[in-house]
Amino acid sequence: MMSKGAKSFTFYILMILVFGSLMYLIAKEGETYQIDGALNSISEKPTDLLSGFDTFKKLVLHHTESPLGILLLQIITILIIARACGWLFQKMGQPTVIGEIVAGILLGPSVLGNLLPEVSSFLFRPESLANINILSQFGLILFMYAIGMELDLMEVKKKLRETLLISHASIVIPFFLGMLVAYFMYESYSYKFTPFLSFALFIGISMSITAFPVLARIIQEKGLTRSHLGTVSLASAANGDITAWCLLAVVVAVAQAGNMLSATYNILFSVLYVLIMFFAVRPFFAMIGNIYHNKEVVNKGMVAFIFLFLILSSFLTEVLGLHVLFGAFIAGVVMPSNLKFRKIMSEKVEDISLTLLLPLFFVSTGLRTEIGLLNTPQLWGTCLAIILVAIVGKFGGALFSARFVGESWKNSLYIGALMNTRGLMELIVLTIGYEMQILPPAIFVMLVLMTLVTTFMTTPLISFIDFCYRTREKIIENKKAGTVSGVFKVLLSFGRAGNGQIMLDVAHQMFSKGKNHLEITALHLTVGSDVNPLHADNFEEVSFGPILYGAKKLGIPLITRYEVSNNAGQDICDIVNEEGYDFLLVGAGISMSDAPDDVAANKYRATFYNRYFKKLNAPESWFYPGGLLKDKTKMFIEQTNCPVGVFVNRGFVKATNVLVTLTNVEDLFLLEYVHRLVKATHGSVGIVSNPPNSEEESVMTESIQKFIFETKHATLLPEKKLSGDILAKFNFMLISYPTWNILCETRKDALQKMPSTLILNKASK
């Protein structure tokens, strides 16, 4: 009797044969009804493989050159170049937005158009750019909506008295200087049909804008979000952003109307629109935010309603002559103040707008930026003058106003540097002026270069201010003070939330003998400086939840520290060295984990490497799918000034049965750690000793016997080498870093059965 599988297979074959034959008969019968034109068309079809390939090439070229094909090819090219440039500038310590702006210029006439004109004319043919522009404009609408949601009006209101002078001085002073520059440039550089007022207002607003998103992410990356400097800077930038965008709306209205008198009705209706949005729409959304505040209840209907509202707001400001982006910005500002609601909506908007649509805007801007237009010393001199005026106005205005309201010189310099960054927000303003034919191409190029310079200089300028004010003597004094008072400072750096609680148990068991003098700081880093501050708060809350619960259960104080980083490993080393920690406890990379998902990822990576690249002798470290898999043990041990413990979690609960491996005299420092551990856990210890020679054997034997006598619960195992059976008998292992490296080479199979392990190393410096 046939099995069920055989029956299914037989039925499948019969079905294919029967219906395939019937379809063939239908096709042959249908050919008898073809008209002459169809017959002629068939006769022109290829008759052999060579002519068939020619036809295939023509079809491929035809589909590539179609509007959809060109658009998709443009998007692919733009995303690849934008991500590559963003990554490069991120490695240089710059915001990714700088790299994306540069990517636009590289793909524009300034670089690609000069080096490969045929490629440029094929890829960015003029008639195809309309599609890119429309998509980029829609990306800007979503971006401005997200920016509006990032602004916390309550925080702005709280800091209004402190920040009003700073934010408005950093707008009014550069605005005035911009209009002054426009006065001298108008006759030589403006379009002849452009009114002076429109030209001067756009130059002024381009000098006074601040890139709130870039500023927020720099503050976040520097770990200043909750500091006085961070809150004042963020509130000043937020206050300035609201003022600047309202001012831009007035400038656009005046520019479109031609003069202030003609723009009166535009401005009046705009004021009415803003009042309705804040005093009627905002309370309505506040009610919605209290009801719809989690992903379960924010359904597609609610999302569709929010997007409809966004588009409607943008449409109204467009028809009122204020520009579509002002409506998107205000729509974001009036969203419910409930942070959970804003996080949900920003998640739905940001990924598509930031990663897909905004790079299209950068390239559309780059295609307009033809640096070759600045072809005389006079034009370059004018460009330099614009850059200097922009820096003096914005940096100087923020600096001296901050100092006037009582900020220290250091904080004032910080605020000036942060407020001087312009980034994407400036490009939006410039694009509006360019499309309205107020800013001619040469001036547009100068202002784009000014945008790049003022944004690029922010991070180096902040680092320079830090360098000037850094007091290493104070750090040394603090470290000495900690040593004298008996405080033992441990930095516990964890990645996954669940590991934090387990590592806290390890630290508590390792150092609990002096817990009254133990200070543990739990550090969690989110990789990527483009993390939205709204999401960062949520990441922090989720990440520290388990470890705070563990600290409460153990009854020990815990300092939590959250930062955003582009290079987590290096930043951890810098924190340890600069702030005088006595011990660094970090988790091992995923490559050492025995969690099922991690094992599967490592297995796939190893198979991929062995199958394709091992024969080429390529370093295995190249073939990690991301930084999360990389083992940073070597970096931590070689670059930190204090002892380091790298923890490998294999279901750790309590170190009640500890294994210690000693291979030379240098490993004897482990006995001190084991002594403290056993006192805390009242556990037992097994020691494997494998000295390299008789001289070291005598020294090690004496130290081990002394340790066994003092500990009472320790034994010297007869085995000289570790095996899987020995490792399986223990629930915790202490091992030195050099010995670990040896075992990884000689006992790789045995280590598959190892218990939870702490890889220790003495201070390297």
Side-chain angles (χ1 to χ4, degrees), residues 70-71 74-75 77-79 81-82 85 97-117 119-141 143-144 185 189-191 193-194 198-199 202-203 205-207 209 211 248 251-252 255 323-325 357-376 379-380 382-383 386-387 390 422-456:
I70 283 291
L71 177 61
Q74 288 171 337
I75 292 173
T77 305
I78 290 166
L79 292 181
I81 300 300
C85 291
V97 67
I98 291 288
E100 291 172 337
I101 294 172
V102 171
I105 294 175
L106 292 177
L107 291 173
S110 301
V111 180
L112 185 64
N114 273 326
L115 299 178
L116 300 169
V119 175
S120 180
S121 60
F122 170 77
L123 191 58
F124 297 108
R125 56 189 66 176
E127 64 272 16
S128 70
L129 298 181
N131 295 328
I132 289 287
N133 291 334
I134 290 172
L135 284 175
S136 67
Q137 288 299 315
F138 194 72
L140 288 178
I141 290 173
F143 176 74
M144 290 307 299
M185 292 171 52
Y189 295 103
S190 69
Y191 288 121
F193 53 82
T194 303
S198 300
F199 181 76
F202 257 98
I203 297 294
I205 196 70
S206 68
M207 296 282 189
I209 204 78
L248 177 63
V251 170
V252 171
H323 203 275
V324 64
L325 297 182
L357 298 178
L358 274 185
L360 306 184
F361 169 71
F362 293 128
V363 171
S364 65
T365 304
L367 293 172
R368 297 169 177 148
T369 306
E370 192 171 352
I371 298 176
L373 292 174
L374 307 184
N375 51 13
T376 65
L379 288 169
W380 279 106
T382 304
C383 179
I386 287 175
I387 293 172
R422 288 172 171 84
L424 174 60
M425 311 299 278
E426 173 75 1
L427 290 188
I428 294 172
V429 174
L430 299 182
T431 300
I432 293 171
Y434 184 89
E435 290 176 347
M436 293 177 65
Q437 293 191 324
I438 294 171
L439 300 177
I443 296 297
F444 179 79
V445 172
M446 295 177 190
L447 294 173
V448 167
L449 292 176
M450 179 267 287
T451 303
L452 283 171
V453 171
T454 54
T455 308
F456 188 89

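Remember, predicted model here, so these are calculated numbers, not experimental data. The basis for the numbers below is simple: all heavy atoms, side chains too, and nothing from hydrogens, waters or symmetry mates.
The side-chain contact (heavy atoms from CB on, under 4.5 Å) check on Pro440 picks up Tyr191, Phe199, Ile443, with sequence neighbours excluded. Looking at residues two or more places apart in sequence or on another chain, you find a side-chain contact (heavy atoms from CB on, under 4.5 Å) between Val324 and Ile141, Ser314, Glu318. Every side-chain contact (heavy atoms from CB on, under 4.5 Å) that Leu106 has, sequence neighbours left out, goes to Cys85, Val102, Val111. Residues satisfying the side-chain contact (heavy atoms from CB on, under 4.5 Å) test with Ile70, not counting sequence neighbours, are Gln74, Phe122, Arg125, Ser128.
Counting only distance, with no hydrogens or angles, the side chain of Trp380 and the backbone of Leu374 share a donor-acceptor pair below 3.5 Å. Remark: side-chain polar atoms of Thr454 are paired, donor with acceptor, to backbone N or O of Met450 under 3.5 angstrom. Ser136 places no side-chain N or O within donor-acceptor distance of the main-chain N or O of Leu360, the cut-off being under 3.5 Å.
A distance of 7.0 Å separates CD of Gln137 from CG of Asn133, quoted to the nearest 0.5 Å. Note that CG of Leu447 is 11.0 Å distant from OG1 of Thr431, once rounded to the nearest 0.5 Å. For the atom pair CG (Leu71) and CD1 (Ile75), the distance works out to 4.0 Å, reported to the nearest 0.5 Å. Separation of atoms CD1 (Ile81) and CD1 (Ile78) is listed at 10.0 Å; rounding is to 0.5 Å.
Sorted by first and then second residue, the salt bridge (charged side-chain N to carboxylate O under 4.0 Å, His left out) pairs involving residues 429-452 (not counting sequence neighbours) are Arg368-Glu435. Among residue pairs with one or both ends in residues 444-454, none qualify as salt bridge (charged side-chain N to carboxylate O under 4.0 Å, His left out); sequence neighbours excluded.
A heavy-atom distance below 4.5 Å is found between the side chains of Phe361 and Ile428. At least one side-chain heavy atom of Phe444 sits under 4.5 Å from a side-chain heavy atom of Thr365. Using a 4.5 Å heavy-atom cutoff, the side chains of Val429 and Val251 are not in contact. For the pair Ile432/Leu248, a side-chain contact is recorded, criterion being any heavy-atom separation below 4.5 Å from C-beta on. Looking at Glu426 and Thr455, their side chains never come closer than 4.5 Å, going by heavy atoms from C-beta outward. In this structure the side chain of Leu430 never reaches within 4.5 angstrom of the side chain of Phe202, judged on heavy atoms. The shortest distance between side-chain heavy atoms of Ile105 and Leu452 falls below 4.5 Å. A heavy-atom distance below 4.5 Å is not found between the side chains of Leu357 and Leu140.
Closest of all the heavy-atom pairs between Glu100 and Ala82 is CG-O, 3.9 Å. Listed here is the closest heavy atom pair of Leu373 and Ala442: CD1-N, 4.1 Å. Summarising the geometry of Arg422 relative to Ile209, their closest heavy-atom pair is CG-O, 3.5 Å, with the distance given to 0.1 Å. Taking each heavy atom of Val252 and Met436 in turn, the nearest pair found is O-CE, 3.9 Å. Nearest heavy-atom pair across Ser364 and Ile132 is CB-CG2, 4.3 Å.
Between the side chains of Tyr189 and Thr382, at least one donor N or O sits under 3.5 Å from an acceptor N or O.
Checking each of Leu439, Leu379, Thr451 against Met446 for a side-chain contact (heavy atoms from CB on, under 4.5 Å) leaves exactly one that passes, namely Leu379.
No more than 12 heavy atoms of other residues, nucleotides or ligands shown are found within 6.0 angstrom of CZ on Phe138.
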